[in-house]
Amino acid sequence: MPIQNADIAEIFSRVANLLEIEGANQFRVRAYRNAARTVGSLPRNAADMVEAEEDLSKLPGIGKDLAGKIAEIVKTGSLDQLEELEERTPAELNELMNISGLGPKRVSALYHELGVTNRKELKAAAEKEKIRDVEGFGKKTEQSILEELSKKEEGEKRVPLMQAEQRAAPLIDYLKNSKGIKKITVAGSYRRCKETVGDLDILVTCKKDSNVMDRFADYEDVEKVVSKGSTRSTVVLKSGLQVDVRVLPQVGYGAGLHYFTGSKAHNIAVRKRGVDRKFKINEYGVFKGKERVAGKTEEEVYEKVGLPYIEPELREDRGEIEAAEKDSLPNLVRQKDIRGDLHAHTKATDGQASLEEMAKAAKKLGYDYLAVTDHSKKVTMAKGLNESRLADQIEEIDRLNEKLDDFRVLKGIEVDILEDGSLDLPDDILKELDVRVCSVHYSQNLSRKKQTKRVLKAMENPYFNILGHPTGRIIGQREPYEIDLEEIMKQARENGCFLELNAEPDRLDLTDTHCKMAKEIGVKLAISTDAHSTASLEFMRFGIGQARRGWLEADDVLNTRSLGDLMKLLKRA
DNA sequence: GCCGTTTTCGGCCCGACTGTTTTCAGTCG
């Protein structure tokens, strides 16, 4: 299998960690971290770019040296430099860096003073009370290391955005009732609509005598108060989610909001522009010397560094600064651009609501159309439809459409793509439909080559419209299946097919970088909820967030089209 | 290691909180 961008990112990240433990120049370390991030979120395969002999040193933060290293990794699958580093410094130390409270200096000290190289040895050293004797450590640090180690070793503690929403809402309501509260906002990756959220950053402006910090620490769902100060406090909730509250002065609210919305990489890039213009930018404002010259709004902050306002979803330092500079930022798709939903289930298969209930709920959301796309027969677990039951549903939809004003239920199916690339229902029934979402549900573990071939074959069918949940991943539960999306997207564009951005919060399939890839290739996406109930039609907002993170504009999205235009686009050939 | 309407060398974002100190290093975001 060709080297993936994530593999390259992982190697650079390990190099950065080991260099840092060895005490290398911090800016050199940062260069590797930046490279890991840049390559990891590249909308194209770096391996293909190397193959095509493109100049990788044109990428931001990638110079001649790192470009050469990327090529080396692509060609050999490894990096000599990393192997040399690992001969000097145990690779296992990487895992110790993930323990909260341990950074490069402490990991290095533990290794050199006590010979600790992994969690097990660290635990033994802590239990024998050896850590407290190392310079710079003490009893408390030793104790907190033991606490961290006793936690279940979870790789990633990030939670899906929807879960974060559910934790945030009651906490915000509670904090609003503190004394002297003026404004309260959730910033961080939550505001950037990232698919998963590592912690909640809550910003507060309030009067001087507010009790918000005390109240925060007393919140009933708090498991542990990590730190508590007058402007910043951190707790861990019983669910394991970390929450930070920061108190900001009103005059610098925009600067604070900008600062705590991040991303870190975006902030660094903006602050650097500030330095170039002799400004200092921090969470309190934009300063010239000691004088605050801006910061009441985010717009002011951008204006001072010579940029137009940049939407939170774009703030990842993935080219948005450069685009802003050239005044070529995308005009991001909005919820109100969406005219309908193209993937929904009913009671006929595994949905919870009737056809009519689903249609009425969609109409209530202001849509013009809803495609009913129940499963096909292969999905027996969900009582998938065979030819005759689908024919019955088609008639039922005709009858319903006669009753509905200004709204159209589209006849559809979520038809399985079988292992040989054929579709699970014959053409003579598929041709009776308005829209066919084609999905892989079985044989997900084929090789990359076979899986890609399977979907490419399916797209040859003239009734193939939209590839449903294109990678099959379920966040935190199921890895995406191996598939060459770049090739699929190019073929989809040629064949007049589309890909779905499944808005279900545990799927969000495609990712933000996939969306950007689709835009660059020129294939349109359908943002669809895959709703199995009337309530889940509202998952559209998560899909919109993801699409915005992928730089999509209304024109890049299939279901921003009027019914008439949509029907034309769905007719292939 | 990267990068350049101040620069091809000398810079590289900024502040809060904690614990171990006795003025600050380390970590985190």
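The figures that follow rest on heavy atoms only: side chains count, while hydrogens, waters and symmetry mates do not.
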- Message: Less than 4.0 angstrom between a side-chain N/O of Thr141(A) and OP1 or OP2 of dT20(B), yes or no?
- Response: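 Looking at the OP1 and OP2 atoms of dT20(B), one of them is under 4.0 Å from a side-chain N or O of Thr141(A).
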- Query: If only side-chain N and O atoms of Thr231(A) are considered, is one of them under 4.0 Å from the OP1 or OP2 phosphate oxygen of dC17(B)?
  - Reply: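 Yes, within the criterion.
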- Message: Tell me whether the rings of Tyr302(A) and Tyr309(A) are parallel (<30°), tilted (30 to 60°) or perpendicular (>60°).
- Response: perpendicular
- Item | Set of side-chain hydrogen bond (donor to acceptor under 3.5 Å, both in side chains) partners for Gln163(A), sequence neighbours left out |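 Gln163(A): no side-chain hydrogen bond (donor to acceptor under 3.5 Å, both in side chains) contacts found.
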Would you mind reading off the distance between [X] atom [atom1] and [N] atom [atom2], rounded to a whole angstrom?
X: Glu20(A); N: dG1(B); atom1: CD; atom2: P; value: 15 Å
X: Leu203(A); N: dG29(B); atom1: CG; atom2: C1'; value: 12 Å
X: Arg30(A); N: dT27(B); atom1: CZ; atom2: P; value: 16 Å
X: Leu56(A); N: dG1(B); atom1: CG; atom2: C1'; value: 16 Å
X: Lys280(A); N: dG15(B); atom1: NZ; atom2: C1'; value: 9 Å
X: Ile268(A); N: dC2(B); atom1: CD1; atom2: P; value: 17 Å
X: Arg232(A); N: dT18(B); atom1: CZ; atom2: P; value: 9 Å
X: Ile70(A); N: dC2(B); atom1: CD1; atom2: P; value: 10 Å

Check: protein-nucleotides 3-8 of chain B nitrogen or oxygen pairs below 3.5 Å:
unit_1: dC3(B); atom_1: OP1; unit_2: Gly61(A); atom_2: N; d: 2.9
unit_1: dT6(B); atom_1: O4; unit_2: Lys278(A); atom_2: NZ; d: 2.7

When you compare [N] with [M], how far apart are their [atom1] atoms, in angstrom units rounded to a whole number?
N: dC28(B); M: dT23(B); atom1: P; result: 25 Å
N: dG11(B); M: dC17(B); atom1: C1'; result: 29 Å
N: dT21(B); M: dG15(B); atom1: P; result: 27 Å

- Query: Closer to the 5' end of DNA chain B via nearest nucleotide, is it Tyr32(A) or Asn282(A)?
  - Reply: Tyr32(A)
- With DNA chain B as reference, determine whether Lys69(A) or Phe260(A) sits nearer its 5' end, using the nearest nucleotide of each.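 That would be Lys69(A).
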- What is the glycosidic conformation of dT22(B): syn, defined as within 90° of 0, or anti?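 Because its glycosidic torsion lies more than 90° from 0, dT22(B) adopts the anti conformation.
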- Apply the salt bridge (Lys or Arg N to Asp or Glu O under 4.0 Å) test between Glu313(A) and each candidate in Arg334(A), Arg548(A), Arg318(A); give the one that qualifies.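 Per the salt bridge (Lys or Arg N to Asp or Glu O under 4.0 Å) rule, the option paired with Glu313(A) is Arg548(A), out of Arg334(A), Arg548(A), Arg318(A).
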Between [X] and [Y], does any side-chain N to carboxylate O distance fall below 4.0 Å?
X: Glu147(A); Y: Lys224(A); answer: yes
X: Asp556(A); Y: Lys519(A); answer: yes
X: Lys304(A); Y: Glu299(A); answer: no
X: Lys326(A); Y: Glu322(A); answer: no
X: Glu195(A); Y: Arg473(A); answer: yes

- Classify the side chain of Tyr259(A) and the base of dG29(B) as holding, or not holding, a donor-acceptor pair under 3.5 Å. yes
Is it the case that the side chains of [Y] and [X] hold a donor-acceptor pair, with the cut-off being a distance below 3.5 Å and no angle test?
X: Asn94(A); Y: Asn17(A); value: yes
X: Lys69(A); Y: Gln81(A); value: yes
X: Asn118(A); Y: Glu92(A); value: yes

Report which part of the nucleic acid [X] touches: base, sugar-phosphate, or nothing (heavy-atom distance under 4.0 Å, all strands).
X: Arg246(A); value: sugar-phosphate
X: Thr261(A); value: nothing
X: Thr234(A); value: nothing
X: Gln242(A); value: sugar-phosphate
X: Asn25(A); value: base
X: Lys264(A); value: base
X: Gln26(A); value: nothing

- Message: Pairing check on dT8(B): which nucleotide meets the Watson-Crick or G-U wobble criteria with it, both distances under 3.5 Å?
- Response: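 Its partner: none found.
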Candidate nucleotides [options], ranked by approach to the side chain of [X] - the nearest:
X: Gln81(A); options: dT20(B), dG1(B), dG15(B); answer: dG1(B)
X: Arg28(A); options: dG15(B), dG29(B), dG1(B); answer: dG1(B)
X: Phe27(A); options: dG19(B), dG1(B), dG15(B); answer: dG1(B)
X: Ala31(A); options: dG1(B), dT20(B), dC14(B); answer: dG1(B)

- Item | Ring-face cation of Lys183(A) near Tyr253(A) (centre distance under 6.0 Å, axis angle within 45°) |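 Yes, Lys183(A) lies over the aromatic ring of Tyr253(A).
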- Message: Output one letter per nucleotide in nucleotides 21-26 of chain B: B when a protein non-hydrogen atom lies under 4.0 Å from the base, S when only the sugar-phosphate is that close, - when neither is.
- Response: -----S
